2 protein chains.
Amino acid sequence: MVEEQDEKILAELQKDGRATNQQLAETVGMSTSACWRRVRALEEAGVISGYSALVARERAGFATSAILHVSLERHDVKFVDEFVARVTQRREVLECFATTGDADYHLRVVVRDMDAYNRFLDEFMFRIPGIRHVRTNVILKEIKTGVALPF
Amino acid sequence: MVEEQDEKILAELQKDGRATNQQLAETVGMSTSACWRRVRALEEAGVISGYSALVARERAGFATSAILHVSLERHDVKFVDEFVARVTQRREVLECFATTGDADYHLRVVVRDMDAYNRFLDEFMFRIPGIRHVRTNVILKEIKTGVALPF
DNA sequence: TCATAATTTGGTAGAAAGTACCAAATCGGA
DNA sequence: TCCGATTTGGTACTTTCTACCAAATTATGA
């Protein structure tokens with residue numbers, strides 16, 4: 001479905017999401033119209049789910065971030081759905097993954113400062129029903145925060 | 001440094017990285033030229049570090065992803081730098097964070113299939129000098145994979 | 001193998017947006 | 001309050017987008 005030329009387009013648009021269609025067409029080696037049509041097809045197929053400006057966390061005033069390991073008391077659909085719904089809603093939670101291993105979920109949370117993180121735990125996380133355990137690992141340094149899939 | 005109107009711009013460009021300057025100017029409530037200048041200033045100040053197309057992992061053919069917890073044998077600058085350099089290089093590693101807690105580093109790795117993941121471990125991760133321990137948690141489900149800071 | 005249908009391609013032209021300039025308005029400090 | 005500095009909105013020129021066309025390529029079935 002996604003063929004080689006599409007992957008070139010995707011790779012390039014991951015590197016520069018605002019590349020003009022002309023640049024794009026040139027780097028992948030096709031005409032502007034053909035290239036433009038393929039990009040639109042990728043968008044409509046949901047392969048490209050959107051575009052985003054990448055904002056430098058610290059420069060934008062978000063000094064604190066952490067990785068949370070969360071496990072649930074029980075795994076009824078009821079509790080799981082509730083947890084997923086709340087976490088999806090909450091904008092401080094940038095990422096949430098259900099994983100194998102001891103913890104059920106891995107979350108990455110970004111806030112302005114430690115105070116905000118404390119409030120996040122008290123007012124949000126600890127009030128979610130059915131939580132067994134939450135372990136916080138504060139992020140000391142961001143070695144790498146990429147979004148580009150390795151085509 | 002980053003004031004209220006800038007935050008509106010950043011929020012909007014995070015939601016739609018390809019919004020036209022006109023749309024943007026309208027939603028934040030200023031003239032196109034003023035808006036355009038602010039965007040450029042944010043780019044030049046490195047607050048906006050880039051733009052990217054967001055690609056749907058599975059639809060693009062990357063079926064497998066995992067979270068790795070890595071701890072180092074020793075924490076000499078030599079080993080740390082080597083680890084950071086290699087991990088930064090490797091494109092399957094989308095994210096890497098140095099954290100508090102048992103593991104020194106948290107990584108998120110994305111590959112096409114389990115075979116590729118196995119190769120990633122054998123040919124890359126286990127050959128990094130000074131690694132004490134690697135624990136893999138396979139991602140069963142992506143609840144949320146956001147990039148937008150919570151302005 | 002060949003004819004034909006279906007799909008994809010490159011070119012083009014009108015519409016839309018980006019970009020750089022200007023004078024006017026607003027803001028800050030003394 | 002006054003003056004310099006900064007930011008603003010308007011405008012004109014340039015670039016880019018986008019939808020259309022006919023031509024080329026690819027796939028299909030007899």
Side-chain angles (χ1 to χ4, degrees), chain A residues 1-63 112 146-151, chain B residues 1-63 112 146-151:
Chain A
M1 183 140 202
V2 174
E3 41 197 288
E4 194 188 321
Q5 220 147 23
D6 289 324
E7 293 200 349
K8 278 192 192 173
I9 290 176
L10 293 171
E12 187 59 26
L13 282 178
Q14 283 187 144
K15 273 197 290 191
D16 180 7
R18 288 202 84 133
T20 68
N21 189 50
Q22 297 187 2
Q23 292 174 267
L24 196 59
E26 180 155 12
T27 54
V28 306
M30 52 175 118
S31 71
T32 56
S33 43
C35 181
W36 184 76
R37 240 175 289 111
R38 284 192 110 94
V39 171
R40 192 151 70 77
L42 289 167
E43 289 169 356
E44 283 173 358
V47 179
I48 296 173
S49 61
Y51 297 87
S52 181
L54 306 177
V55 179
R57 187 180 51 76
E58 289 220 76
R59 294 189 189 195
F62 292 88
R112 294 196 182 268
V147 293
L149 301 175
F151 287 109
Chain B
M1 184 141 199
V2 173
E3 44 196 287
E4 193 187 322
Q5 219 148 23
D6 289 325
E7 293 199 349
K8 278 192 192 172
I9 290 177
L10 293 172
E12 188 59 25
L13 282 178
Q14 282 188 145
K15 272 198 290 193
D16 180 6
R18 287 202 83 134
T20 67
N21 188 50
Q22 297 186 0
Q23 292 174 269
L24 196 59
E26 180 156 11
T27 54
V28 306
M30 53 174 118
S31 72
T32 57
S33 45
C35 181
W36 184 75
R37 239 176 289 111
R38 284 193 109 95
V39 171
R40 194 151 69 78
L42 288 167
E43 289 169 354
E44 283 172 358
V47 179
I48 296 173
S49 61
Y51 297 87
S52 181
L54 305 177
V55 179
R57 186 180 51 76
E58 289 221 79
R59 296 191 188 194
F62 292 87
R112 294 196 181 268
V147 293
L149 300 175
F151 287 110

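Quick caveat, the model's predicted, so the values are computed rather than measured. Chain A is the first sequence line, chain B the second, and so forth, proteins listed ahead of strands; every chain is numbered from 1.
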Going by the salt bridge (Lys or Arg N to Asp or Glu O under 4.0 Å) test, which pairs reach into residues 20-31 of chain A, not counting sequence neighbours? none
Scan for salt bridge (Lys or Arg N to Asp or Glu O under 4.0 Å) pairs involving residues 46-57 of chain A, sequence neighbours excluded, and state none if there are none. A/R57-A/E142
Expected output is a numbered-order residue list: members of [range] with a heavy atom under 4.0 Å from any atom of DNA chain C. What is it?
range                     : result
residues 2-13 of chain A  : none
residues 16-28 of chain B : B/T20, B/N21, B/Q22
residues 43-51 of chain B : none

Where A/T27 and A/E12 come nearest, the two heavy atoms and their spacing: OG1-CG, 3.8 Å
Please give me the minimum heavy-atom distance between A/N21 and A/T32, naming the atom from each residue. ND2-O, 2.9 Å
Going 5' to 3' through nucleotides 20-28 of chain D, assign each nucleotide B (protein heavy atom under 4.0 Å from a base atom), S (under 4.0 Å only from sugar-phosphate atoms) or - (no protein heavy atom that close). ---------
Main-chain N/O of A/L149 paired with A/Q14 side-chain donor or acceptor, under 3.5 Å: yes
When you match A/W36 and B/S31 each to their closest nucleotide on DNA chain D, which lands nearer the 5' end? B/S31
[X] [atom1] to [N] [atom2], straight-line distance once rounded to whole Å:
X     : N      : atom1 : atom2 : value
B/L42 : D/dT7  : CG    : P     : 12 Å
B/R40 : C/dG18 : CZ    : C1'   : 12 Å
A/M30 : C/dT8  : CE    : P     : 12 Å

Can you list everything that forms a salt bridge (Lys or Arg N to Asp or Glu O under 4.0 Å) with B/E7? Sequence neighbours excluded, please. A/R112
Could I get the full list of salt bridge (Lys or Arg N to Asp or Glu O under 4.0 Å) partners for A/R59, not counting sequence neighbours? none
Side-chain heavy atoms of B/V55 within contact of A/F151, under 4.5 Å: yes
Determine whether A/L13 and B/R18 make a side-chain contact, defined as any pair of heavy atoms from C-beta on separated by less than 4.5 Å. yes
Sequence neighbours excluded, which residues qualify as side-chain contact (heavy atoms from CB on, under 4.5 Å) partners of B/V147? A/S52, A/V147, B/L54
Could you list the residues that satisfy side-chain contact (heavy atoms from CB on, under 4.5 Å) with A/A19, not counting sequence neighbours? A/D16, A/Q23
Kindly calculate the angle separating the two end axes of the helix from C/dT1-D/dA30 to C/dA30-D/dT1, each obtained from five base pairs, and round it to 10 degrees. 50°
Cut-off 3.5 Å, no hydrogens considered: what does the side-chain donor-acceptor table look like for residues 37-48 of chain B, sequence neighbours left out?
unit_1 : atom_1 : unit_2 : atom_2 : d
B/R38  : NE     : B/D6   : OD1    : 2.9
B/R40  : NH1    : B/E44  : OE2    : 2.9
B/E43  : OE2    : B/Y51  : OH     : 2.7

